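Just so we're clear, the structure is a prediction, and the values are computed from it rather than from any experiment. Residue numbers begin at 1 in each chain, while the letters A, B, ... track the order of the sequences.
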Protein chains: 2
Amino acid sequence: MALTQDQVVERAVDLMAEVGLEALTLRRLATELGVSAPTLYWHVRNKRELLDLMAEALITRAGRATSPAPGQPWWEWLAEQARLQWRALTSHRDAALVVAGNRPTDTALPGIEQVMASLVAVGFPPAEALRTILSIGNYVIGCAVERQAEAARDDPERDARLLQQAGDLPHLRAALAGLGGPGPSADDAGFEYGLALLIGGVRAHHAALAGAGAAT
Amino acid sequence: MALTQDQVVERAVDLMAEVGLEALTLRRLATELGVSAPTLYWHVRNKRELLDLMAEALITRAGRATSPAPGQPWWEWLAEQARLQWRALTSHRDAALVVAGNRPTDTALPGIEQVMASLVAVGFPPAEALRTILSIGNYVIGCAVERQAEAARDDPERDARLLQQAGDLPHLRAALAGLGGPGPSADDAGFEYGLALLIGGVRAHHAALAGAGAAT
DNA sequence: GTAGCGTCTCGAACAACGTTAGAGAACCTG
DNA sequence: CAGGTTCTCTAACGTTGTTCGAGACGCTAC
């Protein structure tokens, strides 16, 4: 049975989730597929293209965008879309690093269009809806990249040194005390906090738009 | 004259701004410094450490954090701090990719502390001030990473294909028409839009905090 | 039936990379 | 001048992405 490009990409995604991006070498991927390394070049132009295809696959795996459920406020639904993206980027190891290097691909466009439709339906001008979506996407990617960078460095000595230096800075110390230190799920809490800020800003802007529209 | 670590790092930062991260090889950096490649290992443990030091240097180059000017609203000042970061990450090529892979380093802590001080002074609890700062930082990094990924792919054929597909999606087409297409400074405009949303959310949250505090 | 042509895979090899080992200048210190 | 630290070198290793050219399989045409 002939190997297909889809098989190569899917196996690559799984292998990266297992061993990380740095250990994802073409020879290893080939071995995993029971094939010789140069064989991969028949299915893929080069590694760069393989990574692009992996990014597309990861986006697809994130799940289709939805429309707001009946009776659900649009801002809650919008936050849920962001969480969908967030989970897709954080559930697979190093997924953010691969997706970050990609422009909104062909596969992402229909999803963007659908989310835009719901935003336009509640009163956003198309241009503003698009920029809002892209801004939220950038925030999610930033959080995910930062989170994986943190995970890649489990350097206890470094953490200790950082914590000690933070002890000399009064506000920082107070904040860390209030947060109970950088715990395990601190990333998710931080993500949710910033997401709430962002969505809050979108709501405020939406209200201003409606007000201006009603006033004139 | 003996080579110092600072010279190595500074030259590395400049070289990367010139040729990009991928072309920043130890041999090339060594040649640039008039030195043999293994010599670098006397000044730096390995390439990973060199990149970490470069990230620190880039953060330092961004410029010191300020306090709000007298009479300046805190939210305008906060946005200005974000722009400072943004300019530092986008003025040097591939700077975002290097900084993104780094935890808030020792050098970044004093800056964070100073910004926190100003936020606490206007009524933010320390924990919320910290999370706000980190959220803004994540947004900035996400924007910068995305921007450089876009710059790395100046593939006209790809852009054309994307644009054509967008033409079939009504809302997307309307948005792009309103924005005048992906122009040269579209990134900056997009960054400013999301930043305004985020800061708006922070203001709204701050008002809610003050209201709750005054009510009880 | 066999000649020919796409499809798919392989072994061998290349240049370049990060990195290590070990030898040797140059410099202080006694 | 002896000894050790500081800094640099040449040589080389293993691994990576990638290319070349040869072959095996299946299909179609005459």
Per [X] side chain, nearest of listed nucleotides [options]:
X: Trp42(B); options: dT18(D), dT7(C), dT6(D); answer: dT6(D)
X: Ser36(A); options: dG11(C), dG17(D), dT10(D); answer: dG11(C)
X: Pro38(A); options: dT19(D), dC9(D), dT19(C); answer: dT19(D)
X: Val35(A); options: dG18(C), dC10(C), dC9(D); answer: dC10(C)
X: Leu3(A); options: dA11(D), dT9(C), dT18(D); answer: dT9(C)

_Thr39(A) side chain near dC8(C) phosphate (N/O to OP1/OP2, under 4.0 Å)_ = no
_In terms of relative ring orientation, are Tyr139(A) and Phe191(A) parallel, tilted or perpendicular, with 30° and 60° separating the classes?_
parallel
*Are the aromatic rings of Trp75(B) and His206(B) close, with centres under 6.0 Å apart?*
no
Spacing between [X] atom [atom1] and [N] atom [atom2], to the nearest angstrom:
X: Leu29(A); N: dT15(D); atom1: CG; atom2: P; answer: 18 Å
X: Leu40(A); N: dT9(C); atom1: CG; atom2: P; answer: 9 Å
X: Lys47(B); N: dA16(C); atom1: NZ; atom2: C1'; answer: 11 Å
X: His43(A); N: dC10(C); atom1: NE2; atom2: P; answer: 9 Å
X: Gln7(A); N: dC8(C); atom1: CD; atom2: P; answer: 11 Å
X: Leu50(B); N: dC17(C); atom1: CG; atom2: P; answer: 15 Å
X: Leu51(A); N: dG17(D); atom1: CG; atom2: C1'; answer: 12 Å
X: Leu26(A); N: dC17(C); atom1: CG; atom2: C1'; answer: 15 Å

_5′-ward residue of the pair Arg27(A)/Gly34(A) relative to DNA chain C_ = Gly34(A)
*Are Gln7(B) and Thr4(B) close enough that some pair of their side-chain heavy atoms sits under 4.5 Å apart?*
yes
*asked:* Under the criterion salt bridge (charged side-chain N to carboxylate O under 4.0 Å, His left out), I'd like the reasoning laid out for Asp168(B) against Arg161(B): C-alpha separation, chi angles, the key distance, then a yes or no.
replied: CA-CA 12 Å; Asp168(B) 296 338; Arg161(B) 187 164 39 105; over 6 Å; no
*Would you mind classifying the nucleic acid contact of Thr25(B) as base, sugar-phosphate or nothing, using non-hydrogen atoms under 4.0 angstrom?*
sugar-phosphate
*Enter the distance from Glu128(A):CD to Leu119(A):CG here, rounded to the nearest 0.5 Å.*
11.0 Å
